[in-house]
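Being a predicted model, the structure only gives us computed values, none of them experimental. Counting starts at 1 for both ligands and their atoms, in listed order.
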Amino acid sequence: MPCTVIAGAFWGDEGKGKIISYLALKDRLDFCVRTGSVNAAHTIWHQGKRYALHMVPGGFVYDKCRLLIGAGSNVHVAQFLKEVEETSVKNRIGIDSQASIIEEKHSAQDKSSAHLKGLGTTGWGVGPAIEERVRRTAKVAKDIPELKPYVTDVEGQINDAMTVGKKVLLEGTQGLLLSLFHGTYPYVTGRDTSASAICSEAGVGPTSVDDVIVVFKSFITRVGTGPLPGELSKEEAIKRGWFETASGTGRDRRSAPFNFELAKKAARINGATQAALTKLDCVYPQCRGARAFDALPKDAKDLIKETENQTGIPVTLIGTGPEALDLIDRRKQT
Ligand code: IMP
Ligand code: MG
């Protein structure tokens with residue numbers, strides 16, 4: 001803080017939503033800015049209720065946090081309005097006037113285009129919407145009457161706020177290995193997902209960023225097609241308690257053990273200063289609900305130490321359960 005970027009390390013679904021909701025509550029964030037688009041679902045548990053948010057930033061759990069959607073994002077109007085209702089954030093959410101609009105026709109193109117189908121896209125139409133933006137024919141937020149109450153200047157608000165020391169978090173979506181440039185091309189999403197791109201979509205320059213937290217999950221998952229080193233069979237994933245389904249599309253997630261080479265790459269390209277490691281309790285069930293590093297079993301500590309050795313950055317936030325506060329926060333000790 002004051003400006004922290006949260007970036008996913010692998011193929012998304014690392015648990016960024018949980019880390020963001022923890023930081024919003026713990027650090028009393030002033031602003032949480034979402035980038036990316038509706039294809040990503042961030043799962044957040046708040047007061048016993050589960051939210052799978054495609055548009056509303058994860059900082060909504062802290063009621064004084066202002067929520068913004070950056071100029072580089074694509075907004076699905078109906079989904080946005082539905083989530084605003086569900087989370088009761090009407091009075092504290094804004095969209096940049098130049099954020100693109102993702103329309104029904106984009107989703108239809110996504111679902112019918114053979115090459116996109118082959119990539120196993122989410123079907124929300126993000127790739128076709130970005131194509132439209134590149135052609136400079138896309139509608140933007142200021143063109144949509146229903147969005148009028150929400151339209152604002154996002155970069156202006158956050159850059160001004162940072163100059164007076166307000167705390168701003170930039171929320172990335174997906175993970176580095178789904179990046180259009182650095183991921184497993186062509187099995188990637190339609191945009192860069194690295195920390196630099198998150199800043200660019202929000203309108204924040206690299207010298208304004210204090211911390212980049214790369215989010216690792218204690219095992220790796222991916223949905224859709226494309227390579228996954230060390231992939232386990234579904235039976236083995238179930239046996240290990242790693243089998244998941246996608247919170248957005250409901251599809252099965254493929255899974256594999258943690259991979260240090262991929263973690264190193266993600267730390268490097270994101271310029272990470274710290275790491276979060278989520279779902280440690282899924283790999284080491286004795287960790288469930290732990291709130292102190294010393295309470296962890298040796299195997300779990302070894303995984304954390306090895307991650308730090310290999311990536312060269314401290315693992316400061318460790319997820320031990322689904323609720324925002326099921327977490328070990330080592331930021332003060334490092
Ligand atoms: P698209 O982003 O819908 O074009 O899909 C391209 C690839 O990215 C597919 O393999 C999707 O499954 C994957 N993908 C897109 N968004 C997410 C996400 O939020 N989590 C995990 N995978 C995603
Ligand atoms: Mg997700």
- [ ] Look at the side-chain heavy atoms of Ile, Leu, Val, Met, Phe, Trp and Tyr, link any pair under 4.5 Å apart, and say whether Tyr51 and Leu67 land in one connected group.
- [x] yes
- [ ] Measuring from the Mg ion (ligand 2), name the closest N, O or S atom belonging to Asp13.
- [x] OD1
Task: Closest to atom 12 (O) of ligand 1 (judged by heavy-atom distance), picking from Arg222, His54, Arg253, Arg251 - done: Arg251
Task: N/O/S from Ala40 sitting under 2.8 Å away from the Mg ion (ligand 2) - done: no
Open item on the list: For ligand 1 and Gln174, I'd like to know whether there is a polar contact (N/O to N/O, distance under 3.5 Å).
Closed with: yes
- [ ] Report the nearest protein non-hydrogen atom to atom 11 (C) of ligand 1: residue, atom name, distance rounded to 0.1 Å.
- [x] Gly120 O, 3.5 Å
Task: Pairs satisfying ring-ring contact (aromatic ring centres under 6.0 Å, His included), at least one member in residues 100-120, at least two apart - done: none
Task: Identity and separation of the nearest protein heavy atom to atom 21 (C) of ligand 1 - done: Asp13 OD2, 3.1 Å
Task: Heavy-atom donor-acceptor pair, Thr35 side chain to Ala202 backbone, under 3.5 Å - done: no
Task: For atom 23 (C) of ligand 1, closest protein heavy-atom neighbour - done: Leu178 CD1, 3.6 Å
Task: Donor-acceptor contact present, side-chain Thr320 to main-chain Asp281, <3.5 Å - done: no
Task: Nearest non-hydrogen protein atom, atom 5 (O) of ligand 1 - done: Thr121 CA, 3.2 Å
TODO: Could you establish whether Trp124 and ligand 1 come within less than 4.0 Å of each other, counting only heavy atoms on the residue side?
DONE: no
Open item on the list: Testing Ser194, Ser179, Ser196 one by one against Asn270 for a side-chain contact (heavy atoms from CB on, under 4.5 Å), which residue passes?
Closed with: Ser194
- [ ] Determine, using heavy atoms of Val188 and all atoms of ligand 1, whether some pair is separated by less than 4.0 Å.
- [x] yes
Open item on the list: If hydrophobic clusters are built by linking Ile, Leu, Val, Met, Phe, Trp and Tyr wherever their side-chain heavy atoms come under 4.5 Å apart, do Trp242 and Phe258 end up in the same one?
Closed with: yes
Task: Among Arg222, Lys217, Arg254, salt bridge (Lys or Arg N to Asp or Glu O under 4.0 Å) partner for Glu244 - done: Lys217
- [ ] Specify the protein heavy atom at minimum distance from atom 19 (O) of ligand 1: its residue, its atom name, and the distance to 0.1 Å.
- [x] Ala40 CA, 3.0 Å
Task: Nearest-neighbour protein heavy atom for atom 3 (O) of ligand 1, which is reported as residue plus atom name and distance - done: Thr122 OG1, 2.7 Å
